[in-house]
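Below: one structure, written as structure tokens.
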Amino acid sequence: MERASLLIAFFLLSLSLFGQSAFNVSVRSNSLANCLSVLDDPTVILHNPSGATTTKTLQTGVQFLSTTALQNSAAFVTYPLANSVLGFATQLYGFQFYRLMYYGVNYGLNITENIRFGIFLGSENRTILNYGSRNSLYMSFAMQGNISHNCRYGISVKSVGFHLHENISQSSTVLNVGIKYRTENPIWCLYLEMEKSLALPTRLKLALEYKLRPSLYLRTGIMSASYQLTTGFGLWCKKRYRLDLGGSWQPILGMSLQAGVLFSVHPRAIDEE
């Protein structure tokens with residue numbers, strides 16, 4: 001039993017590393033080929049803590065992703081301050097034999113009108129059945145800025161390498177660098193991102209987001225190095241609730257379905273997205 005559980009844990013961990021972005025649970029991000037470094041969205045604060053710096057109202061929500069063998073869920077809340085944003089997020093990833101849990105606090109600061117910075121500090125707990133668990137410090141930080149009125153850049157660094165239980169596993173730092181280009185009319189957003197883990201080859205991502213109606217956004221994307229196709233949509237209701245639905249296909253993990261809800265205490269100006 002112990003050997004079987006260890007082998008399953010190794011297998012799932014290798015799939016996660018092969019996917020590199022498997023731990024990201026934001027439905028909007030996953031629908032956009034896991035692009036996250038340039039998103040201005042509180043659902044990505046755990047891996048891109050500068051993503052909520054444009055938030056002007058209290059927002060909270062839950063996210064859920066499911067594949068054949070794995071489940072990935074998260075919850076978050078963000079609260080705007082004078083020139084910054086304070087947030088909390090937690091995430092649970094894995095299945096019966098292998099669990100990974102994050103939780104911690106986010107702080108995002110608008111340094112200038114065009115430069116934003118964020119940091120997430122918390123704990124990462126990994127548990128393998130019959131082999132115990134270990135808590136480690138988890139930290140991510142990110143920066144965003146405007147190149148021009150229609151173009152933005154983003155940089156995010158997530159995870160600090162550590163040893164879990166002797167030689168069971170080791171996390172690897174992941175760097176994401178991306179650019180977002182937005183047209184005016186009709187509103188198209190083009191996302192191009194590079195992801196590099198210290199342990200794995202570079203991964204390229206390309207995604208499109210189209211504003212079909214004032215409250216409806218269509219999304220699709222593709223990524224390399226563990227080839228994956230993604231799609232989804234986001235729907236704002238009464239400018240307070242946003243429902244995100246998405247799906248992706250990967251040759252090894254197969255199909256995955258994602259669903260998320262974001263709630264804004266005060267009506268949100270949808271055109272700001």
Side-chain angles (χ1 to χ4, degrees), residues 9 12-13 16-17 19-30 34 36-55 58-65 70-81 84-95 98-111 116-128 132-144 154-165 168-176 195 197-199 258 260-263:
L12 291 175
L13 188 60
S16 298
L17 291 174
Q20 288 183 255
S21 296
F23 297 155
N24 178 26
V25 74
S26 167
V27 177
R28 183 186 178 199
S29 173
N30 282 318
N34 282 322
L36 58 86
S37 62
V38 290
L39 290 187
D40 52 345
D41 195 313
T43 63
V44 298
I45 62 172
L46 200 146
H47 304 299
N48 172 17
S50 67
T53 50
T54 58
T55 299
L58 175 66
Q59 295 188 352
T60 185
V62 293
Q63 307 282 301
F64 181 79
L65 180 150
L70 300 172
Q71 291 188 349
N72 196 356
S73 58
F76 67 90
V77 59
T78 57
Y79 182 77
L81 303 174
S84 58
V85 173
L86 184 65
F88 173 81
T90 182
Q91 179 178 349
L92 179 64
Y93 172 87
F95 84 132
Y98 174 75
R99 297 286 183 185
L100 172 63
M101 184 176 183
Y102 297 106
Y103 54 90
V105 177
N106 159 261
Y107 180 74
L109 175 66
N110 292 291
I111 300 176
R116 302 180 288 274
F117 176 81
I119 183 169
F120 186 94
L121 187 63
S123 176
E124 178 181 278
N125 174 271
R126 293 196 181 207
T127 302
I128 297 179
S133 64
R134 174 164 298 185
N135 288 303
S136 297
L137 174 69
Y138 173 81
M139 181 176 67
S140 62
F141 56 91
M143 182 176 70
Q144 294 182 355
I155 302 171
S156 67
V157 180
K158 59 182 178 179
S159 185
V160 177
F162 71 96
H163 289 283
L164 168 66
H165 187 281
I168 289 181
S169 68
Q170 181 177 358
S171 288
S172 179
T173 301
V174 179
L175 169 69
N176 289 271
E195 180 179 294
S197 165
L198 295 180
Q258 306 132 28
V261 177
L262 182 149
F263 171 70

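Predicted model, so just to flag it, every value in this text is computed and none were measured.
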Inset, instruction - Check the pair Ser26 / Leu36 against side-chain contact (heavy atoms from CB on, under 4.5 Å), numbers first and verdict last. - result: CA-CA 9 Å; Ser26 167; Leu36 58 86; over 6 Å; no
Legend entry - Shortest non-hydrogen contact from Ile45 toward Phe76: CD1-CB, 4.4 Å
Inset, instruction - Show the numbers, then the answer: is there a side-chain contact (heavy atoms from CB on, under 4.5 Å) between Ser50 and Phe117? - result: CA-CA 5 Å; Ser50 67; Phe117 176 81; 5.9 Å; no
Legend entry - Leu92 CG to Arg99 CZ distance, which is reported to the nearest 0.5 Å: 5.5 Å
Inset, instruction - Before giving the answer on side-chain contact (heavy atoms from CB on, under 4.5 Å), spell out for Thr43 and Leu262 the whole-Å C-alpha distance, their side-chain angles and the decisive distance to 0.1 Å. - result: CA-CA 8 Å; Thr43 63; Leu262 182 149; 4.0 Å; yes
Inset, instruction - Identify, with sequence neighbours excluded, every residue that meets side chain to side chain contact (heavy atoms under 4.5 Å, CB included) alongside Thr55. - result: Pro42, Ala52, Gln59, Thr78, Val85
Legend entry - Shortest non-hydrogen separation from Thr90 to Met101 and the atoms involved: OG1-CE, 3.6 Å
Inset, instruction - To the nearest 0.5 Å, tell me how far Ile155 CD1 sits from Asn48 CG. - result: 11.0 Å
Legend entry - Among His47, Glu124, Gln91, the one residue meeting side chain to side chain donor-acceptor pair (under 3.5 Å) with Tyr102: Glu124
Inset, instruction - State, with a plain yes or no, whether a side-chain heavy atom of Tyr103 is found less than 4.5 Å away from one of Tyr138. - result: no
Legend entry - side chain to side chain donor-acceptor pair (under 3.5 Å) involving Ser37 - partner list, sequence neighbours excluded: Glu193
Inset, instruction - Can you measure from CG (Leu109) to CZ (Arg116) and round to the nearest 0.5 angstrom? - result: 11.5 Å
Inset, instruction - Measure the CG-OG1 distance between Asp40 and Thr53 for me, rounded to the nearest 0.5 Å. - result: 8.0 Å
Inset, instruction - Kindly give the heavy-atom pair with the smallest separation between Met139 and Ile119, and that separation in Å. - result: SD-CD1, 4.1 Å
Inset, instruction - List in chain and number order the residues that pass side chain to side chain donor-acceptor pair (under 3.5 Å) with Thr60, two or more places apart in sequence or in another chain; answer none if no residue qualifies. - result: none
Inset, instruction - Output all residues satisfying side chain to side chain donor-acceptor pair (under 3.5 Å) with Asn135, sequence neighbours left out; order by chain, then residue number. - result: Asn125
Legend entry - Nearest-0.5 Å distance that lies between atom OG in Ser133 and atom OH in Tyr98: 12.0 Å
Legend entry - CD-CG distance between Gln63 and Asn30, expressed to the nearest 0.5 angstrom: 8.5 Å
Inset, instruction - Mark yes when over 12 heavy atoms from residues, nucleotides or ligands other than Phe141 sit less than 6.0 Å from its CZ; otherwise mark no. - result: no
Legend entry - Contacts of type ring-ring contact (aromatic ring centres under 6.0 Å, His included), residue Phe263, not counting sequence neighbours: Tyr241
Inset, instruction - Taking side chain to side chain donor-acceptor pair (under 3.5 Å) as the test, write out the residues that go with Ser140, two or more places apart. - result: none
